Amino acid sequence: MADLRVLFVGGSGIISSASSRLAVASGIDLFVLNRGTTTHRPLPPEATVLRADVRDPDSVAAALGDLEFDAVVNWVAFTPEHVRADLAAFAGRTRQYVFISSASAYQTPPARLPVVESTPLRNPHWRYSRDKIACEDLLVAAYRDSGFPATIVRPSHTYDRTLVPFDGGWTVVERMRQGKPVVVHGDGTSLWTLTHTRDFARGFVPLLGHPRAIGEAVHITSDDVLTWDQIAHHLADAAGVEPRIVHVPSDAIAAEDPQWGAGLLGDKTHSMVFDNAKLRALVPGFVATIPFHQGAREIVEWHDEDPARRRVDPRFDAAMDKLAAAYTP
């Protein structure tokens with residue numbers, strides 16, 4: 001792995017930042033192409049930074065020059081147009097192209113659990129997921145038609161210390177601390193898989209330059225499965241309070257706030273448990289080691305370090321007030 005030259009398009013986001021650090025620690029010669037605007041997650045100093053606007057093909061071409069890579073990872077491709085631009089930019093320039101898809105692309109709701117990589121891709125509820133599926137379709141066709149060396153990775157709900165895993169972000173924790181009720185969709189018992197970014201990196205980095213990953217799709221998730229009520233209680237415990245949970249049907253949430261509802265009906269409402277056997281076949285010994293009760297403490301500690309990080313969304317706060325009032329027994 002120490003001989004690999006790898007390009008990350010992006011590389012300082014919630015999912016990618018730990019992979020950037022681990023890649024460098026593993027001896028990879030890491031190049032990162034981005035605009036250099038992040039402050040929360042600085043890139044490792046060993047990385048070579050290429051400044052460019054990823055949505056501007058001329059800017060990308062100028063930054064890349066005649067560089068070639070063993071692997072290129074695009075962390076910020078969301079639509080078929082983004083993937084078409086990458087097919088043009090990286091064909092013949094890399095031995096592996098890794099597309100970051102999403103586990104929300106799987107059949108929603110799933111016909112059976114646990115979800116495996118052969119579970120059908122179908123999500124009629126969420127445009128984000130349908131776009132990811134369309135991106136995958138393009139890459140599968142490119143691999144079949146011309147041998148474009150694509151690998152598809154599907155993260156589940158991946159978080160770091162900056163991300164509260166509820167819609168509304170810190171607003172939910174702030175309401176808990178103020179003694180206000182917080183809305184949890186459904187009856188709070190649907191199962192959910194949260195994956196810490198450092199655990200994701202442990203599964204992801206060994207896939208770079210892996211010849212058996214070419215032409216394959218694989219998800220990378222934790223095995224730490226919780227109910228949404230348990231997730232809320234872990235956050236509350238980390239924040240030093242007892243939560244007042246009000247259960248509200250997802251359909252009612254969507255009627256009150258379509259943006260919030262889209263992410264529920266297209267993803268979080270339905271139990272999602274994953275079988276990581278395929279990942280372990282490619283990365284023997286992979287184990288996710290960070291349970292959410294530990295991750296929750298990291299989240300609260302990071303937000304408490306700086307009051308400016310504890311931002312409340314007034315629109316979301318008002319919607320939660322209204323829904324909690326309507327559904328409080």
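Nothing here was measured: the structure is a model prediction, and the numbers come from that model. Starting from 1, each residue takes its place in the sequence as its number. The figures that follow rest on heavy atoms only: side chains count, while hydrogens, waters and symmetry mates do not.
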Taking the side chain as every heavy atom from C-beta outward, state whether [X] and [Y] have any atom pair closer than 4.5 Å.
{"X": "Asp275", "Y": "Val115", "value": "no"}
{"X": "Asn74", "Y": "Ile100", "value": "no"}
{"X": "Val72", "Y": "Val98", "value": "no"}
{"X": "Pro149", "Y": "Tyr143", "value": "no"}
{"X": "Gln259", "Y": "Arg315", "value": "yes"}
{"X": "Thr162", "Y": "Arg41", "value": "yes"}
{"X": "Ile231", "Y": "Pro165", "value": "yes"}
{"X": "Leu207", "Y": "Val218", "value": "yes"}

In Å, rounded to the nearest 0.5 Å, how long is the span from [atom1] of [X] to [atom2] of [Y]?
{"X": "Trp75", "Y": "Asn34", "atom1": "CH2", "atom2": "CG", "result": "13.0 Å"}
{"X": "Ser59", "Y": "Arg51", "atom1": "OG", "atom2": "CZ", "result": "11.5 Å"}
{"X": "Asp257", "Y": "Asp167", "atom1": "CG", "atom2": "CG", "result": "8.5 Å"}
{"X": "Ile290", "Y": "Leu194", "atom1": "CD1", "atom2": "CG", "result": "12.5 Å"}
{"X": "His270", "Y": "Leu264", "atom1": "NE2", "atom2": "CG", "result": "9.0 Å"}

Are Thr197 and Thr158 linked by a side-chain donor-acceptor pair shorter than 3.5 Å?
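There is no such pair between these side chains.
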Any donor-acceptor pair under 3.5 Å linking the side-chain atoms of Asp86 with those of Tyr97?
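Looking only at side-chain atoms, Asp86 and Tyr97 do form a donor-acceptor pair, the distance falling under 3.5 Å.
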How about [X]: does its [atom1] atom have over 12 heavy atoms from other parts shown lying under 6.0 Å from it?
{"X": "Arg122", "atom1": "CZ", "answer": "no"}
{"X": "Arg311", "atom1": "CZ", "answer": "no"}
{"X": "Arg55", "atom1": "CZ", "answer": "yes"}

Please enumerate all residues that pass side chain to side chain contact (heavy atoms under 4.5 Å, CB included) together with Arg130, with sequence neighbours excluded.
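Partners of Arg130 under the side chain to side chain contact (heavy atoms under 4.5 Å, CB included) test: Arg127.
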Mind checking what makes side chain to side chain contact (heavy atoms under 4.5 Å, CB included) contact with Val287, not counting sequence neighbours?
Thr289
Could you give all pairs that pass the side chain to side chain donor-acceptor pair (under 3.5 Å) test and reach residues 15-25, with sequence neighbours left out?
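Qualifying pairs, neighbours excluded: none.
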Could you check whether the rings of [X] and [Y] sit parallel, tilted or perpendicular, using 30° and 60° as the cut-offs?
{"X": "Tyr159", "Y": "Phe292", "value": "perpendicular"}
{"X": "Trp192", "Y": "His157", "value": "perpendicular"}
{"X": "Phe200", "Y": "Phe204", "value": "parallel"}

Quiz: residues 238-253 side-chain donor-acceptor pairs under 3.5 angstrom, not counting sequence neighbours:
from, atom 1, to, atom 2, distance (Å)
Arg244, NH1, Gly179, O, 2.6
His247, NE2, Asp187, O, 3.3
His247, NE2, Asp229, OD1, 2.9
His247, NE2, Asp229, OD2, 3.1
Ser250, OG, Thr269, OG1, 2.7

Side-chain ion pair, [X] and [Y], N-O less than 4.0 Å:
{"X": "Asp70", "Y": "Arg5", "value": "no"}
{"X": "Arg309", "Y": "Asp304", "value": "no"}
{"X": "Arg93", "Y": "Asp66", "value": "no"}
{"X": "Arg198", "Y": "Asp160", "value": "no"}

Step-by-step side-chain hydrogen bond (donor to acceptor under 3.5 Å, both in side chains) determination, Gln96 to Thr151
CA-CA 7 Å; Gln96 181 188 34; Thr151 297; 3.1 Å; yes
Chi angles and distances behind the side-chain hydrogen bond (donor to acceptor under 3.5 Å, both in side chains) call for Thr195, Ser156:
CA-CA 7 Å; Thr195 307; Ser156 66; 2.9 Å; yes
Partner set under ring-ring contact (aromatic ring centres under 6.0 Å, His included) for His303, not counting sequence neighbours
Trp170
ring-ring contact (aromatic ring centres under 6.0 Å, His included) with Phe90: which residues, sequence neighbours excluded?
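Counting only residues at least two positions away or on another chain, Phe90 forms no ring-ring contact (aromatic ring centres under 6.0 Å, His included).
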With clusters built from Ile, Leu, Val, Met, Phe, Trp and Tyr whose side-chain heavy atoms come within less than 4.5 Å, directly or transitively, what are the remaining members of the cluster of Trp302, listed by chain and number?
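Members other than Trp302 - counting any ILVMFWY side chain reachable under 4.5 Å - there are none.
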Each residue besides Leu265 in its hydrophobic cluster should be listed here, by chain and number; the cluster joins Ile, Leu, Val, Met, Phe, Trp and Tyr at side-chain heavy-atom distances under 4.5 Å.
none
Among Gln294, Glu298, Arg161, find the residue that satisfies the side chain to side chain donor-acceptor pair (under 3.5 Å) test when tested with His196.
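Result: among Gln294, Glu298, Arg161, Glu298 is the only option passing the side chain to side chain donor-acceptor pair (under 3.5 Å) with His196.
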Between the side chain of [X] and the main-chain N/O of [Y], is any donor-acceptor distance below 3.5 Å?
{"X": "Ser104", "Y": "Ser129", "value": "no"}
{"X": "Arg95", "Y": "Phe69", "value": "no"}
{"X": "Thr193", "Y": "Met272", "value": "yes"}
{"X": "Thr108", "Y": "Tyr106", "value": "yes"}
{"X": "Ser271", "Y": "Leu191", "value": "yes"}
{"X": "Lys132", "Y": "Ala77", "value": "yes"}
{"X": "His293", "Y": "Leu235", "value": "no"}
{"X": "His82", "Y": "Thr79", "value": "yes"}

Which residue pairs satisfy the ring-ring contact (aromatic ring centres under 6.0 Å, His included) criterion with at least one member in residues 248-267, sequence neighbours excluded?
Trp260-Phe316
Shortest non-hydrogen contact from Leu22 to Ala201?
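Taking Leu22 first and Ala201 second, the nearest heavy atoms are CD2-O, 3.4 Å.
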For Thr94, side-chain hydrogen bond (donor to acceptor under 3.5 Å, both in side chains) partners two or more places apart
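side-chain hydrogen bond (donor to acceptor under 3.5 Å, both in side chains) check on Thr94 returns nothing, list empty.
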With Lys268 via side-chain hydrogen bond (donor to acceptor under 3.5 Å, both in side chains) - residues at least two apart:
none
Can you list the residues that meet the salt bridge (Lys or Arg N to Asp or Glu O under 4.0 Å) rule with Glu174, with sequence neighbours excluded?
none
Check Glu117, Glu216, Glu136 against Arg154 for a salt bridge (Lys or Arg N to Asp or Glu O under 4.0 Å) and give me the one that passes.
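Testing Arg154 for a salt bridge (Lys or Arg N to Asp or Glu O under 4.0 Å) against Glu117, Glu216, Glu136 leaves exactly one candidate, Glu136.
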Take Asp137 and Arg84, measure what salt bridge (charged side-chain N to carboxylate O under 4.0 Å, His left out) needs, and give me the verdict at the end.
CA-CA 11 Å; Asp137 289 343; Arg84 290 189 188 97; over 6 Å; no
Please test Arg112 against Thr119 for side-chain hydrogen bond (donor to acceptor under 3.5 Å, both in side chains), starting from the C-alpha separation and ending with a verdict.
CA-CA 9 Å; Arg112 58 182 174 179; Thr119 296; over 6 Å; no
